[in-house]
Amino acid sequence: MTEVEWLAATDPTPMMEFLKGKGTKRQFRLYACACLRRAWQLLPDEHSRHLVHVAERYADDAATKDELIEATKVVSELADSRVGTEADVAARYACARLGN
């Protein structure tokens, strides 16, 4: 993938494939958080935003695994409890993946 392709990309899948094996778990977690921050206004609620904050802190050893698990659990349960818009479901799924 060239720089021009990277900058023009709208689908994150090829970008993530390109990065596979080139970074640490911390770097990927922070990259995912950065992506969610770019779509901050699309996150459906404060629980999702809180999870991003916890995931960032966890990446920097400032939050515990238990904190991350609890924040992920709350977002996952909310996602399971209601059907939202496609953007709502996508945002909740992306946030829930932060806990992995």
Side-chain angles (χ1 to χ4, degrees):
M1 174 172 270
T2 67
E3 181 180 359
V4 172
E5 290 170 328
W6 180 276
L7 294 173
T10 58
D11 178 3
T13 305
M15 298 168 80
M16 294 304 291
E17 287 297 320
F18 175 79
L19 293 173
K20 194 177 268 184
K22 294 182 173 130
T24 65
K25 281 188 176 185
R26 176 184 180 276
Q27 290 170 323
F28 278 107
R29 186 176 308 279
L30 291 174
Y31 175 75
C33 289
C35 290
L36 288 166
R37 283 189 172 278
R38 295 276 303 180
W40 198 250
Q41 73 281 2
L42 299 176
L43 296 182
D45 54 47
E46 194 54 40
H47 298 290
S48 299
R49 291 179 196 93
H50 175 70
L51 176 54
V52 175
H53 290 296
V54 172
E56 289 169 332
R57 289 181 31 243
Y58 179 76
D60 290 330
D61 294 326
T64 66
K65 181 72 170 179
D66 287 343
E67 288 177 272
L68 182 62
I69 289 169
E70 180 59 30
T72 302
K73 181 180 173 185
V74 168
V75 171
S76 294
E77 287 173 356
L78 286 170
D80 291 343
S81 71
R82 68 184 179 110
V83 176
T85 64
E86 187 174 323
D88 180 44
V89 172
R92 288 190 186 282
Y93 175 77
C95 283
R97 298 291 301 157
L98 288 176
N100 294 331

Peer 1: The criterion is salt bridge (Lys or Arg N to Asp or Glu O under 4.0 Å); which residues satisfy it with E46, sequence neighbours excluded?
Peer 2: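 Residues passing salt bridge (Lys or Arg N to Asp or Glu O under 4.0 Å) with E46: R49.
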Peer 1: Kindly give the heavy-atom pair with the smallest separation between H47 and V74, and that separation in Å.
Peer 2: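 Heavy atoms of H47 and V74 come nearest at ND1-CG1, 3.6 Å.
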Peer 1: Listed by chain and number, what are the side-chain contact (heavy atoms from CB on, under 4.5 Å) partners of E5, not counting sequence neighbours?
Peer 2: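 side-chain contact (heavy atoms from CB on, under 4.5 Å) list for E5, sorted by chain: M1, T2.
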Peer 1: Just to verify, what does R26 make a side chain to side chain donor-acceptor pair (under 3.5 Å) with, not counting sequence neighbours?
Peer 2: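 Residues passing side chain to side chain donor-acceptor pair (under 3.5 Å) with R26: D60.
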Peer 1: With sequence neighbours left out, what residues match E70 under salt bridge (Lys or Arg N to Asp or Glu O under 4.0 Å)?
Peer 2: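 With neighbours one apart ignored, the set is empty.
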Peer 1: Apply side chain to side chain donor-acceptor pair (under 3.5 Å) to D11 and list each qualifying residue two or more places apart in sequence or on a separate chain.
Peer 2: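 Here the qualifying residues are T13.
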Peer 1: Out of curiosity, L51 CG to D45 CG, how far, rounded to the nearest 0.5 Å?
Peer 2: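 Separation between the atoms: 10.0 Å.
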Peer 1: Using the side-chain contact (heavy atoms from CB on, under 4.5 Å) criterion, which residues pair with A63? Sequence neighbours excluded.
Peer 2: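 With sequence neighbours excluded, A63 shows a side-chain contact (heavy atoms from CB on, under 4.5 Å) to V54, R57, Y58, E67, given in chain and number order.
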Peer 1: Please name all residues satisfying side chain to side chain donor-acceptor pair (under 3.5 Å) with H50, sequence neighbours left out, ordered by chain then number.
Peer 2: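 In terms of side chain to side chain donor-acceptor pair (under 3.5 Å), with neighbours along the sequence ignored, H50 is linked to no residue.
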Peer 1: Give the table of side-chain donor-acceptor pairs shorter than 3.5 Å for residues 14-22, with sequence neighbours excluded, one pair per line with atom names and distance.
Peer 2:
residue	atom	partner	partner atom	Å
K22	NZ	F18	O	2.9

